[in-house]
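Convention: sequence-line order gives letters A, B, ...; per-chain numbering from 1. Not measured: the values here are computed from a predicted model.
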Amino acid sequence: MEHTIDEHGSHGGFVSRYVFSQDHKVIGLQYLITGLIMALLGGIIAVIFRSQLAWPNREVLSPEAYNSFVTMHGTLMVFWVAMPVLIGGFGNFCIPLMIGARDMAFPTLNMLSYWTFFLSSIVILVSFFVPGGAVSAGWTAYAPLSVDARFTGVNWGMSLWLVALILEFASMLMGGVNYITTIFNLRAKGLTLMRLPMLVWMEMIAAVLFMFSVGPLIAGGGLALLDKSIGTHFFRVTAEGQGDPVLWQHLFWFFGHPEVYVVLIPGLGIIAEVITACGRKALHGYKAIVYSTIAAGVLSFVVWAHHMFVAGLNPLLAVGFSITTILISIPFFILSVAFGLTLWGGSIRITSSFLFALGGYLIFIIGGVTGLFLGAQTADIYLHDTYFVVAHFHYTFFSSIIMGTIAGIYHWFPKMFGRKMNETLGKVHAVGTFIFYNLFAFPLFFLGLAGHPRRYSSALEYDFLAKYQWIHHLATGAAIILVALQIIFIYNFFKSMFTGEKAEKNPWRATTLEWLAESPPVHGNWGNASPVVENGPYEYSVEGDSDDFRPQGKLIPTHVKH
Amino acid sequence: MEDHTEHHPNYVLIWFILVILTIISILIGKYIDNHVLKVTLLFVNAAIKAVLVALNFMHLKFEKVVVISLVVVPLTLFILLIFGLMPDTLSTIKW
Amino acid sequence: MSSYAEITREDGESTGIPSPRLAMWVFLSSEIVLFGGLIGSCILFRLTYEKWAEYAAHVNSMIGSINTLALLTSSLTVVLAHKMVQNRNYKAVNIFLAITILLGLLFLVLKGIEYSGEIHHGYTILKGPFWAFYFGITGLHALHVLVGIILNAIVLMLSLRNKRPQSFVENSGLYWHFVDVVWIFVFPLFYLS
Amino acid sequence: MLPENISTFGHLVDNLILIIFVITLMVTVLAFGIIIYAVIRYNRNSNPHTTYKFGPFISKIIYLDAAMIVFDLIIAYASVSGWAHVIMRSRSDLISEHKEYVDVRIIGRQFFWSFNYAGLDNKMDTNDDFIIANKLVVPIDTLVLLNLTSGDVIHSFFAPHLRLKYDAIPGRSMDVWFKATKTGSYEIACAELCGAEHYRMKAKLEIVTKEQYKSWLNERSGALSVR
């Protein structure tokens, strides 16, 4: 199996260089682009069912189609956009470069993980065209609605949904194994754990959270698959009271809550990187952020039942889970104060990646703070399953998945393709996305306070909701413009890939290790040299330094054995 | 690359203890009728066997803290899941 | 696995734990939580379902006990194989690995007999939660045993072609021990109580 | 924005939402102010060199964090006390507290609610019970004990004006209660996705005076005895 390592670590030829490449950078881009395509699909689905909400009597979608579009929007956005882009894309691309490694610990496993993910996205897309349509029981697929074909008329859609989900978890598990082993073992000389850049810390905590939380849902998914295909009674209730639908909710949300932190935390890591690089100032309270993120990760395992306060949970249990849910606001409060203090006193360069990071930070504050409404269980009696919940998780998801990711893309685009993205287009895109996102999502809070239950295909049936139809018009209009705005980004992304202005090694003059490598880096990242780390990750504007940043390490020529 | 200082515990002895424990658990299964006592004894027996296998056969005794935490944390999460779900199922028990 | 060897430099172990072993432990921790979720749901169903003991009596505990002993002994032989690799006695390594694989196959064969016996008596997976969980958990465990056997077989083949894959014996041994530990918990859950 | 509250424990929910709203508004406005000011003031050209005049991070975070913990404790206390008053109440102690009560059994099915009334003798499972679909008629100022369950999938009994929402789960039954303080006709919705017509699962809630309720009951049972 000996082979010569050429430009892309493959046996030459297009297929093994780009398609089945074992180079973490190529795999990272494959994840990123698949995720972005799925994001576009998710966005278009959202626009379609939002127009049904705004003009219900136009019958844009039948009630069944509306439910399955809502479900597929949720499923695609969480599992086929957030996970691949934030964990697969940035994890694969940035971790080896930032810790000075040549590649992931197991390149073959890494390539396998992408292609399992690719297979899972094929399966989930096929489930649209299967007789009975895609699954229409909410992205949480509560039993018995989801596991019994009689209730929604969806038979094959649900089984394919479960298979695709388990495949996606398998691919992310393979990725997680790779990330944890790489971060632990393949760090450059002198790079202690406390000198790791924040994005690497966040990716590791996210991988560990995913590792420990996905088990019960794979188990639950297996049981649901048995329920669905063979007809066992795990989650379906029989006459004598066998089967327990609440057990599915427990298994789902035991995984669900760590999962939303798995998706949130890398976004915050990217925001931290961009804020420090553009603010020319060290990340304030590095240790505090690391420990509070770990604390939030640990706490995220004991909060899951706040999704089930009014779902037949033993009321005594709800008291405990409400307290832990309110407690989890403390670590994230420390995190946002630390970001704020990082901004204070810096000399901030307003680049488009900074605008996205700032937008993401502000949206994260609103998202985090509105979680208190839902954590307090007495308020949750009224607010559960209303548009308040929808607005809350759109704010928390949006801050990391869309704003954080696009900030990361603008920030690392020069490193990925060796060319810079157009800044003016970027700024227009940033301001537009921020404004129209808030126009779309903020009114939903008031819709929720008015008591508008979620997943309604038309609200005109109820008098106490009919008078708020204008909010639906506003939100739908803003959503349409928001999705349309993304065309600027797509145009900018693909145009600058070939005709963008040439970028040198360190366009943003940042300190972390990846800016020592070529842009785009060669296979093995450092060629015939290997980085040695001397100082911390964010040594910006140190007094008495002529330059306003100190690179984290330097390259020492060493002979790499082939 | 492999540190050869790692000494090997007496595997055959460990194996023998495990077989004895298995036989004990089979006897417990047969002769103890009080349901709660039986289940706890069986669980303790299984836990001892699992710890024996993990420490000696899987060399957890010689591993660093990182790996040990990789085992201990999921076990605590398993216990957490059980006790998180317990009050919910207890309320619907049809004894 | 040559791409692994060429990438990792000698100082590629900042934590002193060889990457394959660390990766195997990370994978095993996610497996613990997977089986934990399944066994947890099984325990909770058991509490809320009174006909459990009645069905549990129809399980063939004789085969279960033999299987437990088979897996325990195979754990012993795989760890002895790991010891022999360190003592460079490669002939013994091959023998121990072969015994481990044979015991694994014995486990699967006995499992097959047991399943066919129960299904013959009409206790299929649809009979009730007990049988559903029984077939679910032991089925998934049997799949893991099969994967373990394949893993050991690959290592045996590499060792027979004297490739001296020291770390593979250790890792496939780790996986095999994990499969044995899961069975240690599954055995009393279904067969004894 | 909240619809008018007509139940006795509704004010607990409204006050809690108000408390949290005030706290979150304060925190958000403070945070936004600081961040926007920081971005404008410490811009590249107005502050070419970063100013490092801060002590350790801990000293700043301590009192901000203490304030946040105090807010959290206030919210937690208010929420738990509200929860104890609304949900963690057994039927017997409710009946002992409010002397007269009305018993209704609600079964959620795919796309309609069925209400089993106890009839004139106010005893369940007697032959004068009757079932009405999608209409809950209850007297004012009397305790209404609801027993929620579902016939097929998970539904959620949601009466926004009563600030009451609880899931109806097949295989389980849950006791919830309310006491109306204002007559009128309101709406009941289903809050948990339960299939295609989930948005149309509407039931009418009518709070009537005691006399009207009596005459309605007689008229209902009258219809029964004729049969």
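The shortest heavy-atom contact between D:L64 and A:F333 is O-CE2, 3.6 Å. Contact detail for D:P3 and A:L449: the closest heavy-atom pair is CD-O, 3.9 Å. For the residue pair D:A189 and A:P453, the shortest heavy atom distance occurs at CB-CG, 4.4 Å. Residues D:K202 and A:Y462 come closest through the heavy atom pair CG-CE2, 3.3 Å. Here the shortest heavy-atom pairing between A:S136 and D:L193 reads O-CD2, 4.0 Å. In terms of heavy atoms, D:L16 sits closest to A:A376 at CD2-CB, 3.8 Å.
Residue contact with chain D, scored on non-hydrogen atoms closer than 4.5 Å, is absent for A:Y66. Neither the backbone nor the side chain of A:I328 has a heavy atom closer than 4.5 Å to any heavy atom of chain D. Contacts of A:L465 with chain D are absent, with no heavy-atom separation under 4.5 Å from either backbone or side chain. Both the backbone and the side chain of A:D463 come within contact range of chain D, each with at least one heavy atom under 4.5 Å from a heavy atom of that chain. Interface residue A:A143: only backbone heavy atoms are found under 4.5 Å from chain D.
Under a cut-off of 6.0 angstrom, the local environment of OH in D:Y77 is sparse, with at most 12 non-hydrogen atoms contributed by other residues, nucleotides or ligands. Remark: D:F21 CZ is loosely packed, at most 12 non-hydrogen atoms of other residues, nucleotides or ligands lying under 6.0 Å away.
The side-chain heavy atoms of A:I366 and D:T28, taken from C-beta on, include a pair separated by under 4.5 Å. D:E192 has its side chain out of reach of A:L145: every pair of non-hydrogen atoms, C-beta onward, lies at least 4.5 Å apart. Looking at D:N43 and A:I348, their side chains never come closer than 4.5 Å, going by heavy atoms from C-beta outward. Using a 4.5 Å heavy-atom threshold, the side chains of A:S457 and D:R200 count as separate. Between A:F354 and D:V39 there is a side-chain heavy-atom pair separated by less than 4.5 Å. Counting heavy atoms from C-beta outward, D:I35 and A:L362 have side chains that approach closer than 4.5 Å. For the pair D:I87/A:Q377, no side-chain contact is recorded, criterion being any heavy-atom separation below 4.5 Å from C-beta on. Using a 4.5 Å cut-off on side-chain heavy atoms (C-beta onward), A:W344 and D:Y37 make contact.
Of the inter-residue distances, the one linking A:L374 atom CG with D:I20 atom CD1 reads 8.5 Å to the nearest 0.5 angstrom. Between the CG atom of A:L316 and the CE atom of D:M88 there is a distance of 5.0 Å, given to the nearest 0.5 Å. We find the CZ-CD1 distance between A:F373 and D:I23 to be 9.0 Å, quoted to the nearest 0.5 Å. Separating the OG atom in D:S79 from the CD1 atom in A:I326 is a distance of 5.5 Å, to the nearest 0.5 Å. Here the CG-CD1 distance, from D:L164 to A:I381, works out to 7.5 Å after rounding to the nearest 0.5 Å. With rounding to the nearest 0.5 Å, the separation of SG in D:C194 from CG in A:N67 is 8.5 Å.
Of the listed residues (A:G346, A:P63, A:A65), the one with the most heavy-atom contacts under 4.5 Å to chain D is A:G346. Chain D forms more heavy-atom pairs under 4.5 Å with one residue of A:T140, A:T152, A:V369 than with any other, namely A:V369. Contact tally against chain D (heavy-atom pairs below 4.5 Å) for A:G138, A:P245, A:G340: the top residue is A:P245. Counting heavy-atom pairs under 4.5 Å between each of D:E197, D:H85, D:R163, D:Q110 and chain A puts D:Q110 at the top. Comparing D:F158, D:Y186, D:F9 by how many heavy-atom pairs each has under 4.5 Å with chain A, the most go to D:F158. Between chain D and the options A:S322, A:S62, A:A311, heavy-atom pairs under 4.5 Å are most frequent for A:A311. Heavy-atom pairs under 4.5 Å with chain A peak, among D:M68, D:E187, D:R41, at D:E187. The greatest number of non-hydrogen atom pairs below 4.5 Å with chain D, out of A:T386, A:D380, A:L383, A:L447, is found for A:L383. Residue with the most contacts toward chain A among D:G82, D:A76, D:P170: D:P170 (heavy-atom pairs, distance under 4.5 Å). In terms of heavy-atom pairs under 4.5 angstrom with chain A, the leader among D:N45, D:V27, D:D152 is D:D152. Taking A:Y142, A:F339, A:Y456 one by one and counting their heavy-atom pairs under 4.5 Å with chain D, the maximum is reached by A:Y456.
By the 30° and 60° cut-offs, the orientation of the rings of A:F309 relative to D:W83 is tilted. Ring pair D:H161/A:F464 is perpendicular by interplanar angle, where above 60° counts as perpendicular and below 30° as parallel.
Side-chain contact annotation: D:D72 with A:S329, donor-acceptor N/O pair under 3.5 Å present.
Electrostatic pairing of D:R172 and A:D244 counts as a salt bridge here, judged by a charged N lying under 4.0 Å from a carboxylate O.
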